[in-house]
Amino acid sequence: MYQNIDELMQAANQLAGLTLAELAERCGIIMPSSLRREKGWIGQLIELALGASAGSKPQQDFPELGVELKTLPLANNGIPLESTFVCTAPLLRQQHISWETSNVHHKLSTVLWVPVFGDRQQDIGTRMIGTPWLWHPTAEQEQILRQDWEEIMELIALGKVESISARHGDALQLRPKAANGRSLTQAIGSEGTLIQTRPRGFYLRSTFTRQLLRLQFHL
DNA sequence: GGCTGATCATAG
DNA sequence: CTATGATCAGCC
């Protein structure tokens, strides 16, 4: 699709200033009146517009470029409205995974952030795409992420997954990631035995993405 | 009002 | 079930 990252960025920049209604019309898809039942709709619209590999394939959105695409919902004052999901957390057979080989590290190594402005109660169609930017973690940011990841993974390995709350981690947090409370997966329990627990995912705190915005746009 | 824990849709 | 895309909603 794209020969290089510059071509991708050029395409992404063309989206800036468009409302979601305009982009949906260009893509020929119908807008939902609410995201309540289609929480990922905006992300999927942006994927479609940029020609990202659709579907549920693991790894990055543009594997040939090594780029992960993330939409970032912002209130009209420019502050992130939500945390950013990164990936599911491995709760079993994770002893051999290091930060360098982790999915979090891989996904966050290069991210194309696409901001979407709009307050929560604002009609989906009137929300506006902002200026995208490409992000590589700085050494300092990477250190923070790594430390959070290592602490969380150690607790998981020690069988303490159920004692990890979303309060843990400065930039990266662990939260449930599932269809509902009934979905279960295996994890290491307190006695070193297997337990059933809710699947968890890694998320970037909105305070962290807010800092990224500040650094990028000098806010 | 921000944040944590819970939840929604879809593909394979 | 796990993966993708995330936001909802009630508690503090």
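Below, chains carry the letters A, B, ... as their sequence lines are ordered, and counting in each starts from 1. Only this structure's heavy atoms are used, side chains among them; waters, hydrogens and symmetry mates stay out.
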Flag for Thr101(A)-Ser98(A): side-chain donor and acceptor within less than 3.5 Å: yes
Just the rounded figure in Å: distance from C1' of dG5(C) to NZ of Lys107(A). 10 Å
Is a donor from one side chain sitting under 3.5 angstrom from an acceptor on the other, for Gln10(A) and Gln14(A)? no
Indicate yes or no for a side-chain donor-acceptor contact from Arg146(A) to the backbone of Glu100(A) under 3.5 Å, with no hydrogens or angles considered. no
Are Trp113(A) and Gln216(A) close enough that a side-chain donor and a side-chain acceptor fall under 3.5 Å? no
In whole Å, what is the span from the CD1 atom of Ile29(A) to the C1' atom of dA9(B)? 14 Å
Think Lys177(A) has a side-chain N or O under 4.0 angstrom from the OP1 or OP2 of dT4(B)? no
Where do Gly78(A) and Phe117(A) come nearest, in terms of heavy atoms and distance? CA-CE2, 4.0 Å
Under 4.0 Å, counting only non-hydrogen atoms across every strand here, what does Gln60(A) touch: a base, just sugar-phosphate, or nothing? nothing
Contacts of Leu69(A) and Leu184(A) projected onto DNA chain C by closest heavy atom; the upstream (5') one is Leu184(A)
Take the protein atom CD1 of Ile46(A) and the nucleotide atom P of dA6(C), then report the distance between them rounded to whole Å. 9 Å
Taking atom types as modelled and ignoring hydrogens, do the side chains of His106(A) and Glu68(A) form a donor-acceptor contact shorter than 3.5 angstrom? no
Ile79(A) vs Gln44(A), nearer the 5' end of DNA chain B by closest nucleotide: Ile79(A)
Trp41(A) CH2 to dT4(C) C1', in whole Å, measures 17 Å
Round to a whole Å and report the spacing from CD of Gln121(A) to P of dG1(B). 10 Å
Quick check against the 3.5 Å criterion: does Gln141(A) have a side-chain atom that pairs as donor or acceptor with the backbone of Leu145(A)? no
Residue-phosphate contact under 4.0 Å: Arg205(A) side-chain N/O, dG2(B) OP1/OP2: no
Does any residue of residues 162-172 of chain A have a heavy atom under 4.0 Å from DNA chain C, and if so, which ones, in number order? none
Value in whole Å for how far the C1' atom of dA9(B) lies from CG of Leu48(A): 16 Å
Contact letters for nucleotides 7-12 of chain C, in which S counts primed atoms plus P, OP1 and OP2 and B counts the base, heavy atoms under 4.0 Å: BBS---
Whether the side chain of Asn4(A) engages the backbone of Asp6(A) through a donor-acceptor N/O pair (distance < 3.5 Å, no angle test) should be reported. yes
Side-chain N or O of Thr88(A) less than 4.0 angstrom from OP1 or OP2 on dT2(C)? no
Do we see a donor-acceptor contact under 3.5 Å between the side chains of Thr197(A) and Arg200(A)? yes
In this structure, how many angstroms lie between the P atom of dA3(C) and the CG atom of Asp61(A), rounded? 15 Å
Partner of Ile129(A) under side chain to side chain contact (heavy atoms under 4.5 Å, CB included), picked from Ile42(A), Ile46(A), Thr71(A), Thr19(A), is Ile46(A)
Tell me the interatomic distance from Arg182(A), atom CZ, to dT7(B), atom C1', rounded to whole angstroms. 9 Å
Distance below 4.0 Å between Gln173(A) side-chain N/O and dT4(B) OP1 or OP2: yes
